Amino acid sequence: MSIAADSVFVRNTDLPFTDLEDAVVFLDVESGDYLRLSGTALSVWGGLKTPCTFENLVGLLSDEYGIDRETCRRDTEPFLAELVRAKLVVEAVREGA
């Protein structure tokens with residue numbers, strides 16, 4: 001999955017989750033499995049509390065971790081794609097699209 005810089009993503013609000021001190025835990029109601037995000041993944045989740053473009057998410061993470069945007073973009077894209085495949089995150093419809 002190739003992600004455009006202006007693609008907008010947001011958390012899937014239909015998915016039950018619980019905030020813990022250092023992680024977020026999800027229940028996959030279809031499989032009954034629990035999923036856990038922590039560390040950098042938790043920062044990605046935090047950046048998607050409201051709809052956010054991929055480029056803005058990269059900027060937030062780049063600033064937080066003090067890394068260059070290209071490295072951040074390269075490392076974040078496959079993880080974000082995995083979150084979409086797992087249905088933890090959805091691509092939002094852009095206004096005017």
Side-chain angles (χ1 to χ4, degrees):
M1 171 181 192
S2 180
I3 299 175
D6 64 344
S7 294
V8 178
F9 296 91
V10 67
R11 297 175 183 178
N12 180 352
T13 57
D14 294 332
L15 189 66
F17 70 92
T18 299
D19 285 314
L20 302 176
E21 187 173 319
D22 61 347
V24 174
V25 178
F26 304 88
L27 171 62
D28 182 336
V29 291
E30 291 178 15
S31 69
D33 292 334
Y34 287 92
L35 306 167
R36 182 176 186 265
L37 297 180
S38 62
T40 307
L42 193 56
S43 295
V44 172
W45 181 252
L48 297 172
K49 186 173 185 175
T50 59
C52 182
T53 66
F54 178 57
E55 193 59 32
N56 285 345
L57 179 62
V58 166
L60 291 170
L61 296 169
S62 177
D63 290 347
E64 181 175 346
Y65 290 98
I67 59 173
D68 67 276
R69 284 180 177 251
E70 189 53 41
T71 299
C72 187
R73 188 176 296 108
R74 184 186 66 237
D75 293 347
T76 303
E77 185 172 10
F79 180 68
L80 184 58
E82 185 59 32
L83 291 178
V84 171
R85 277 191 292 280
K87 299 178 184 167
L88 300 178
V89 170
V90 295
E91 188 167 1
V93 176
R94 289 176 267 175
E95 290 184 21

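Quantities reported herein were computed from a predicted structural model and do not represent experimental measurements.
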- Item | Identified side chain to side chain contact (heavy atoms under 4.5 Å, CB included) counterpart of Leu88 within the set Leu48, Val44, Leu35, Leu80 |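 Of Leu48, Val44, Leu35, Leu80, side chain to side chain contact (heavy atoms under 4.5 Å, CB included) with Leu88 is met by Leu35 alone.
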- Query: Are Phe26 and Val90 connected in a single hydrophobic cluster, I mean Ile/Leu/Val/Met/Phe/Trp/Tyr linked by side-chain heavy atoms less than 4.5 Å apart?
  - Reply: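 They do not share one cluster, since no chain of ILVMFWY contacts under 4.5 Å joins Val90 to Phe26.
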- Do Val89 and Leu42 belong together in a cluster built from hydrophobic side chains that touch within less than 4.5 Å?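 Yes, because Val89 and Leu42 connect within a single hydrophobic cluster, where side-chain heavy atoms sit under 4.5 Å apart.
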- Item | For Ile3 against Ser7, the heavy-atom pair lying closest together |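 Heavy-atom minimum between the residues: CG2-CB, 4.1 Å.
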- Shortest non-hydrogen contact from Phe54 to Ala4?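 Answer, listing the atom of Phe54 first, then Ala4: CB-O, 3.6 Å.
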- Partner set under salt bridge (Lys or Arg N to Asp or Glu O under 4.0 Å) for Glu55, not counting sequence neighbours: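 For Glu55 the salt bridge (Lys or Arg N to Asp or Glu O under 4.0 Å) partners, ignoring immediate neighbours, are Arg69, Arg73.
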- Name all residues meeting the side-chain contact (heavy atoms from CB on, under 4.5 Å) criterion together with Pro51; count only those two or more places apart in sequence or in a different chain, and write none if there are none.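 Only Val8, Val10 meet the side-chain contact (heavy atoms from CB on, under 4.5 Å) criterion with Pro51.
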- Message: Can you list everything that forms a side-chain contact (heavy atoms from CB on, under 4.5 Å) with Tyr34? Sequence neighbours excluded, please.
- Response: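 Listed in chain order: Val25, Leu27.
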Expected list for residues 56-67: side-chain donor-acceptor pairs under 3.5 angstrom, two or more places apart:
unit_1, atom_1, unit_2, atom_2, d
Asn56, ND2, Thr53, OG1, 3.3
Ser62, OG, Ile67, O, 2.4
Glu64, OE2, Ser43, OG, 2.9
Tyr65, OH, Ser43, OG, 2.7

- Message: Once salt bridge (Lys or Arg N to Asp or Glu O under 4.0 Å) is applied, what residue pairs with a partner in residues 40-53 remain, sequence neighbours excluded?
- Response: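 Matches after skipping sequence neighbours: none remain.
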Can I get a per-line list of side-chain donor-acceptor pairs under 3.5 Å for residues 12-24, giving both atom names and the distance, sequence neighbours left out?
unit_1, atom_1, unit_2, atom_2, d
Asn12, OD1, Asp14, N, 2.9
Asn12, ND2, Lys87, O, 2.8

- Is the shortest heavy-atom distance from the side chain of Trp45 to the side chain of Leu83 under 4.5 Å?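 Result no, sub-4.5 Å side-chain heavy-atom pair not found.
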- How would you list, by chain and number, every residue that makes a side-chain hydrogen bond (donor to acceptor under 3.5 Å, both in side chains) with Thr40, sequence neighbours excluded?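 With sequence neighbours excluded, Thr40 shows a side-chain hydrogen bond (donor to acceptor under 3.5 Å, both in side chains) to no residue whatsoever.
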